[in-house]
2 protein chains.
Amino acid sequence: MENTNSLKEEHRFQVRKLELSDKSKGFIELLQQLTVCDSVSDKEFEDRFKEISTYGDDHLVCVIEDDFSGKIIATGSVFIEKKFIRNCGKVGHIEDIVVDGNARGLQLGKKIVGFLLDHARSMGCYKVILDCSVDNKGFYEKCGFKQKEIQMVKYFV
Amino acid sequence: MENTNSLKEEHRFQVRKLELSDKSKGFIELLQQLTVCDSVSDKEFEDRFKEISTYGDDHLVCVIEDDFSGKIIATGSVFIEKKFIRNCGKVGHIEDIVVDGNARGLQLGKKIVGFLLDHARSMGCYKVILDCSVDNKGFYEKCGFKQKEIQMVKYFV
């Protein structure tokens with residue numbers, strides 16, 4: 001019985017690529033736990049989904065769907081920047097990591113970040129970077145990151 | 001005479017998009033002032049140039065050529081990330097800003113950053129972000145940026 005349960009548990013929280021149908025599974029509501037993200041219509045979602053898809057493996061958005069509830073409970077993205085420095089190297093940029101507030105403690109954030117890191121490595125990146133609040137520093141250190149520089153921002157709106 | 005000179009000066013330091021022929025004008029040597037960037041062959045440069053070009057306006061590399069010396073003396077890049085958050089917003093990521101050590105004090109860095117900011121704004125970005133050392137914080141503040149988060153990095157090699 002224990003084996004069956006742990007197999008079920010493992011299947012329950014698999015990371016996969018974002019799909020068009022994920023909008024109806026609470027993907028946008030999940031992002032709202034991260035920041036401002038209101039009023040995305042089905043059309044807007046589909047258009048943006050397709051725009052991102054044109055980049056192929058250079059821009060990956062992944063999710064974890066809870067097979068029990070049918071809801072998206074974690075997500076994250078990485079895009080691959082192509083540079084001239086580092087002998088025409090590539091850098092992975094991780095963005096928009098969020099885990100459902102009701103699904104904390106299940107290591108889903110780590111799963112998402114691990115999936116994105118594996119992808120960036122397989123794409124030939126020499127490093128992966130991300131920006132986070134000081135509060136989240138400890139989490140990313142557990143994922144193998146180290147603090148380096150500071151982030152500067154300029155808002156247009 | 002003064003007018004003629006200042007016109008010449010203005011023409012001398014115009015920002016433009018990177019061109020294939022810029023490799024022979026010291027573009028790679030300029031990047032070497034920023035970080036590790038050795039042994040890029042003409043073929044590698046051309047391949048990477050073309051790869052970046054496939055992104056069109058979503059990935060812009062700009063340069064300043066000194067019309068007197070025919071050398072590239074400043075460069076910077078911005079790429080446009082397409083998100084779902086912020087109502088399917090876009091974010092500009094500025095990377096790899098460098099000004100020739102012999103061309104300091106001419107405000108070329110500000111020109112490059114201004115060019116990239118204008119581009120990001122025209123592409124509909126709601127913000128532009130970049131990572132920099134604490135030493136360079138003052139420069140980016142003069143460009144209108146504010147410090148926000150911290151940068152985390154994980155190296156694969």
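Just so we're on the same page: letters track the sequence lines, and every chain starts at 1.
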Problem - Beyond-backbone contact of Cys88(B) with Lys82(B), side-chain heavy atoms, under 4.5 angstrom - result: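 No - every pair of side-chain heavy atoms lies 4.5 Å or more apart.
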Exercise for the section: Check whether any side-chain heavy atom of Ile64(A) sits under 4.5 Å from a side-chain heavy atom of Phe115(A), and report yes or no. Expected result: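 A side-chain contact under 4.5 Å is absent here.
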What part of [X] is in contact with chain A, defined as an atom under 4.5 angstrom from a non-hydrogen atom: side chain, backbone, both or neither?
{"X": "Ile52(B)", "answer": "side chain"}
{"X": "Gln32(B)", "answer": "neither"}
{"X": "Thr35(B)", "answer": "side chain"}
{"X": "Phe79(B)", "answer": "side chain"}
{"X": "Ile94(B)", "answer": "neither"}

Sort [X] into side chain, backbone, both or neither according to what part of it lies under 4.5 angstrom from a heavy atom of chain B.
{"X": "Val40(A)", "answer": "side chain"}
{"X": "Asn136(A)", "answer": "neither"}
{"X": "Glu81(A)", "answer": "side chain"}

Largest heavy-atom contact set with chain B, pairs under 4.5 Å, which of [options]:
{"options": "Phe45(A), Tyr55(A), Tyr140(A), Phe49(A)", "result": "Tyr55(A)"}
{"options": "Asp47(A), Leu31(A), Asn87(A)", "result": "Asn87(A)"}
{"options": "Thr54(A), Asp58(A), Val91(A)", "result": "Asp58(A)"}
{"options": "Arg48(A), Lys127(A), His93(A)", "result": "Arg48(A)"}

Exercise for the section: Select, from Leu117(B), Val134(B), Leu34(B), the one with the greatest count of heavy-atom pairs under 4.5 Å involving chain A. Expected result: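 The candidate making the most pairs under 4.5 Å is Leu117(B).
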Practice task
First locate atom CD of Glu95(B), then atom CG of Leu116(B), and finally report the distance between them rounded to the nearest 0.5 Å.
Solution key: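 Separation between the atoms: 11.0 Å.
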Handout entry: Separation between CG of Asp100(A) and CD of Gln33(A), rounded to the nearest 0.5 Å
Key =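 The CD atom of Gln33(A) is 4.5 Å from CG of Asp100(A), to the nearest 0.5 Å.
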Handout entry: Residues of residues 146-157 of chain A contacting chain B, heavy-atom criterion under 4.5 Å, by residue number
Key =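 Contacts with chain B: Lys146(A), Gln147(A), Lys148(A), Glu149(A), Ile150(A), Gln151(A), Met152(A), Val153(A), Lys154(A), Tyr155(A), Phe156(A), Val157(A).
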Handout entry: chain A neighbours within residues 18-30 of chain B, where any heavy atom lies under 4.5 Å away
Key =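 Listed by number: Leu18(B), Phe27(B).
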Practice task
Output yes when Lys50(B) and Glu46(B) qualify as a salt bridge under the 4.0 Å nitrogen-oxygen rule, no when they do not.
Solution key: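 Salt bridge present between Lys50(B) and Glu46(B).
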Handout entry: Under 3.5 Å: donor-acceptor pair, side chain of His59(B), backbone of Ser77(B)
Key =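 No, because the side chain of His59(B) does not come within donor-acceptor range (under 3.5 Å) of the backbone of Ser77(B).
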